[in-house]
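Note on naming: letters A, B, ... go to the chains in the order of the sequence lines (proteins, then strands), and numbering restarts at 1 for each one. All values reported here derive from a predicted model rather than from experimental measurement.
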There are 2 protein chains.
Amino acid sequence: MAFDDLKHAQRERLIFLDRCLTWRGMANRRDLIARFGISSAQAALDFRLYLECSGKTPPIYDSVRKTYLAAEAHKPLAPSSLTEAFETVLNPEDDATAILPPPLRRADPSVIASLYQAMRAKQAIHVRYTSMTSGADGGQWIAPTHFTSDGESVHVRAFSYKHRQYRDYLPIRVGADSTFETRPLSEPLPWDEDWNTRARVWLRPKSGLTREQASAVRREYGFEGQLLCVETRKALEYYLDRRWGLNQNGARLERVKTDYDKLPSDCSRAAVIE
Amino acid sequence: MAFDDLKHAQRERLIFLDRCLTWRGMANRRDLIARFGISSAQAALDFRLYLECSGKTPPIYDSVRKTYLAAEAHKPLAPSSLTEAFETVLNPEDDATAILPPPLRRADPSVIASLYQAMRAKQAIHVRYTSMTSGADGGQWIAPTHFTSDGESVHVRAFSYKHRQYRDYLPIRVGADSTFETRPLSEPLPWDEDWNTRARVWLRPKSGLTREQASAVRREYGFEGQLLCVETRKALEYYLDRRWGLNQNGARLERVKTDYDKLPSDCSRAAVIE
DNA sequence: GCAATCCGTATAGTTTTTGAACGTATAATT
DNA sequence: AATTATACGTTCAAAAACTATACGGATTGC
């Protein structure tokens with residue numbers, strides 16, 4: 001089980017192999033060769049190493065089908081989601097046409113870089129920002145603290161000196177004609193309450209569904225009991241309804257309640273309770 | 001410019017470096033070392049190689065800031081989207097709490113593997129499928145042809161012998177209690193019309209927006225003229241409204257029309273037209 | 001029976017990477 | 001003003017990773 005103290009490159013290959021066996025249920029040297037451009041000899045070594053690492057449930061070579069097959073009770077070395085699996089192992093030839101194109105939001109790398117460097121250097125930066133509601137401003141000082149993602153767009157969380165509060169900014173709306181002048185913070189930034197508060201949003205199958213439908217919803221979202229709990233930062237909670245489609249007609253989940261507490265260290269994943 | 005005939009591992013490192021310089025505007029050996037676990041000497045070699053590859057606009061070492069800075073007119077070696085950039089380079093320490101948790105759909109790898117192997121072997125496979133509308137069936141033969149993604153879930157496209165047509169199946173709704181028995185195709189599968197038809201969906205800023213708002217929408221979606229064209233396979237078109245939020249209250253784009261034609265070879269990306 | 005395609009192993013040679021040394025420049029600390 | 005720390009760069013021998021090639025075994029398909 002020397003898996004963790006492998007070199008980066010070889011670990012990458014074993015992870016790929018692991019995904020092949022987990023999601024395809026089969027793997028060949030050829031897969032490694034095609035993916036990483038290594039020699040057949042090296043691929044053989046990788047296989048041998050994988051067999052060692054796989055412990056109690058090693059894949060077995062099926063000489064009839066001329067391929068390795070995952071064991072009945074195969075345990076992945078490095079668990080992955082179906083989406084990750086699709087991207088790495090299920091979509092042959094990385095066929096882009098098998099994916100519905102996402103709304104692609106352009107972004108100017110040099111604007112992002114300006115914001116990033118201000119964040120890293122803990123400086124304030126002067127930007128012109130166009131909000132959808134109030135239109136373009138004449139320029140303001142903000143102090144970026146984090147990049148975040150709501151699953152659709154990337155945001156910059158920053159303290160706004162104009163509004164005296166933390167806000168989410170869309171990089172795309174930062175004018176490329178901003179000065180991007182920077183200045184040191186005059187004083188330490190205030191505490192970001194919403195960022196450091198954990199929101200636990202409790203969901204249940206939408207009322208009105210039949211028993212069968214409700215249980216199908218539970219199966220699809222992977223919870224057994226009455227409620228599904230989604231944890232995130234309070235600062236991101238606003239985006240949850242859209243991300244999970246709760247506000248849509250065909251929604252199959254609805255909110256029950258939300259708890260807030262101080263964020264312990266770090267946690268943000270859907271958890272399954274009772 | 002020997003970028004393309006590099007070994008996989010080193011190319012990976014140069015791409016990472018490229019993203020640092022593009023989206024952070026800065027890079028250090030330390031970044032490579034932290035990410036790939038290589039030695040300082042090797043990181044120095046990678047930098048040297050990157051400088052060679054970067055042609056007319058090499059990054060410049062700023063001895064005051066003790067870091068490499070991207071050139072004014074920096075050109076990325078391997079372009080990337082903001083989302084990719086966020087995942088690789090903008091989210092420090094891969095802080096999972098900076099991402100709004102997506103609806104995570106469980107999936108049973110062994111079910112996926114059964115479907116995958118039937119697809120690869122061009123076989124039909126027997127499954128019990130539970131649709132949201134008609135409930136569980138008693139088992140049916142399907143012939144999987146592709147895995148696809150609508151950006152939310154992964155689907156299996158398959159020919160259904162029961163319905164005599166191609167359909168999209170959600171792996172999560174394939175009962176784990178299916179037999180997964182397989183059999184060779186009795187005859188070649190029929191032509192998959194919707195899969196092999198290209199849909200061009202034309203969008204424009206939602207009517208009712210002010211001139212300023214419409215132009216903000218154009219900027220955010222990266223098109224200049226009246227219309228934005230999204231290309232995809234007709235088989236995936238159904239999912240487009242949800243993926244792009246066209247059916248939502250706050251939608252800022254609306255459909256104008258859709259063209260169909262025979263799919264040439266492969267194309268599926270948002271393109272910008274007059 | 002023969003070719004093709006998987007597997008496994010082994011050896012020798014090449015390439016990549018390391019580790020350690022030594023030197024330069026700048027900024028911060030003492 | 002001297003010291004420390006952190007960046008950078010180069011060099012070189014040693015170690016590790018990987019390739020190329022060869023050989024042998026099992027199965028399938030023609």
Relative to the 5' end of DNA chain C, which residue comes earlier, T67(A) or A44(A), by the nucleotide with the nearest heavy atom?
T67(A)

For the NE2 atom of H74(B) and the NZ atom of K56(B), what is their distance to the nearest 0.5 Å?
14.5 Å

Quick check on the helix from dG1(C)-dC30(D) to dT30(C)-dA1(D): what's the angle between its two end axes, five base pairs per end, to the nearest 10°?
30°

Q42(B) CD - dA17(D) P separation (whole Å)
13 Å

If I compare all heavy atoms of A27(B) with all of L17(B), which pair ends up nearest, and what's the gap?
CB-CD1, 3.8 Å

Length of the line joining R48(A):CZ and dC6(C):C1', which is rounded to integer Å
17 Å

If you measure only the distance, is there a donor-acceptor pair under 3.5 Å linking the side chains of W23(B) and T88(B)?
no

Nearest-angstrom distance from the residue atom CG of L6(A) to P of dT17(C)
16 Å

Quick check: closest heavy atoms across L6(B) and L49(B), and the distance to 0.1 Å?
CD2-CD2, 3.7 Å

At under 4.0 Å between heavy atoms, what does Y68(B) touch on the DNA or RNA strands: base, sugar-phosphate, or nothing?
sugar-phosphate

Is it true that S153(B) and R105(B) share a donor-acceptor pair across their side chains at a distance under 3.5 Å?
yes

Mind checking I38(B) for me? I need base, sugar-phosphate or nothing, with any heavy atom below 4.0 Å counting as a touch.
sugar-phosphate

Between L115(B) and I125(B), is a side chain to side chain contact (heavy atoms under 4.5 Å, CB included) present by the stated rule, with each step listed?
CA-CA 7 Å; L115(B) 296 169; I125(B) 185 168; 4.2 Å; yes

Looking only at the side chains, is there a donor atom on one of T148(B) and R157(B) sitting less than 3.5 Å from an acceptor on the other?
no

Under the ring pair (Phe, Tyr, Trp, His ring centres under 6.0 Å) test, residues paired with H155(B) that sit two or more places apart
Y239(B)

Hey, would you say the F36(A) and F16(A) ring centroids sit under 6.0 Å apart?
yes

Rounded distance in Å - CG (D46(B)) to P (dT16(C)):
11 Å

Residue closer to the 5' end of DNA chain D, A43(A) versus L51(B) (nearest nucleotide):
L51(B)

Which is it for D168(B) and D150(B) under the side chain to side chain contact (heavy atoms under 4.5 Å, CB included) test, yes or no, and what are the steps along the way?
CA-CA 11 Å; D168(B) 281 354; D150(B) 65 7; over 6 Å; no

Which parts of residues 10-33 of chain A get close to DNA chain D, meaning a heavy atom less than 4.0 angstrom away?
R13(A)

Listed partners of F180(B) passing ring pair (Phe, Tyr, Trp, His ring centres under 6.0 Å), at least two apart:
none

Could you write out each protein N or O paired with an N or O of nucleotides 25-27 of chain D at a distance under 3.5 Å?
from, atom 1, to, atom 2, distance (Å)
dT27(D), O2, K66(A), NZ, 3.1

Start at the 5' end of DNA chain D and walk down; is the nucleotide closest to S39(A) or to F47(B) reached first?
F47(B)

Heavy-atom donor-acceptor pair, R183(A) side chain to A124(A) backbone, under 3.5 Å
no

Residues R233(B) and D192(B) bridged, charged N to O under 4.0 Å:
no

Pairs under 3.5 Å (N/O, protein and nucleotides 11-14 of chain C):
none

